[in-house]
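The block underneath contains the structure these notes are about, expressed in structure tokens.
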Amino acid sequence: QVQLVESGGGSVQAGGSLRLSCAASAYINCMGWFRQGPGKEREAVATIYRDIGSATYADSVKGRFTISRDIPKNTVYLQMNSLKPEDTAMYYCAAGGITCWSASTTDALRVAGYPYWGQGTQVTVSS
């Protein structure tokens with residue numbers, strides 16, 4: 001069983017920045033950040049293929065968010081800049097997906113197929 005521990009959420013004004021961290025208890029190649037806003041379905045924000053560091057982003061966050069990994073620390077980060085009120089959500093780290101490496105953005109951002117999930121960290125952006 002892989003344990004994922006997230007940190008870094010909080011409240012910020014629009015235009016501000018936050019960095020989320022996800023520490024994993026084991027090395028797993030496909031990891032990602034997902035979010036679920038009130039009354040909405042869970043959606044992918046960004047995924048990363050850790051071996052080569054290739055990343056895929058949802059259109060809504062492209063150019064504002066950056067996913068990265070620190071292999072020795074077994075940690076994945078999500079740097080979020082230029083935050084908007086619509087970014088308000090519970091953010092979850094997940095690991096173990098099998099399509100994050102795909103050249104297809106749809107497949108690389110697939111929510112299904114991740115067996116390991118963190119407990120979530122709340123991000124609230126006020127206008």
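In terms of heavy atoms, A95 sits closest to P115 at O-CD, 3.3 Å. When all heavy atoms are compared, the tightest approach of G32 to I67 is CA-CD1, 4.3 Å. Across every non-hydrogen atom of S126 and P85, the tightest pair is C-CG, 4.5 Å. Across all non-hydrogen atoms, the minimal contact from T66 to Y57 is CA-OH, 3.4 Å. Summarising the geometry of A108 relative to S102, their closest heavy-atom pair is CB-O, 3.7 Å, with the distance given to 0.1 Å. A14 approaches S127 most closely through the heavy-atom pair CB-CA, 4.3 Å.
Rounded to the nearest 0.5 Å, atoms CZ (R64) and CE (M80) are 9.5 Å apart. Note that the NZ atom of K62 and the OG1 atom of T105 stand 5.5 Å from one another [nearest 0.5 Å]. Remark: M90 CE to K40 NZ distance equals 14.5 Å, nearest 0.5 Å. Atom OG in S82 sits 9.5 Å away from atom CG in D87 (nearest 0.5 Å). Rounded to the nearest 0.5 Å, atoms OH (Y27) and CD1 (I71) are 4.5 Å apart.
Each disulfide bond (SG atoms under 2.5 Å apart) pair with one or both residues in residues 30-59, not counting sequence neighbours, appears once here: C30-C100. Sorted by first and then second residue, the side-chain hydrogen bond (donor to acceptor under 3.5 Å, both in side chains) pairs with a member in residues 67-76 read R50-N74; sequence neighbours excluded. Identified under the ring-ring contact (aromatic ring centres under 6.0 Å, His included) test for residues 77-96, with sequence neighbours left out: none. Pairs passing the salt bridge (Lys or Arg N to Asp or Glu O under 4.0 Å) check and including a residue from residues 92-108, sequence neighbours excluded, read D107-R110.
V76 and Y49 sit in two unconnected hydrophobic clusters of ILVMFWY residues. Membership requires side-chain heavy atoms under 4.5 Å apart, directly or through other members. Hydrophobic clustering (side-chain heavy atoms under 4.5 Å, transitive across Ile, Leu, Val, Met, Phe, Trp, Tyr) groups Y116 together with L78. Following chains of ILVMFWY side-chain contacts shorter than 4.5 Å, one cannot reach I28 starting from V111, and the two form parts of different hydrophobic clusters.
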Donor-acceptor contacts, no H, no angles, side chain residues 17-24, under 3.5 Å, sequence neighbours left out:
from : atom 1 : to  : atom 2 : distance (Å)
S17  : OG     : N81 : OD1    : 2.9

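By the ring pair (Phe, Tyr, Trp, His ring centres under 6.0 Å) test, F34 is found to be paired with Y114, W117, residues two or more places apart in sequence or in another chain being considered.
Proximity of a side-chain donor or acceptor of T88 to a complementary backbone N or O of V125 within less than 3.5 Å is detected. Under the 3.5 Å distance criterion, the side-chain polar atoms of E6 are matched with a main-chain donor or acceptor of C93. In terms of modelled atom types and a separation under 3.5 Å, the side chain of T56 and the main chain of L109 share no donor-acceptor contact. Formation of a donor-acceptor pair under 3.5 Å by the N29 side chain with backbone atoms of D51 is found in this model.
I98 CD1: 12 or fewer foreign heavy atoms inside a 6.0 Å radius.
Inter-residue side-chain proximity for W101 and I52 is flagged as unmet; no heavy-atom pair is nearer than 4.5 Å.
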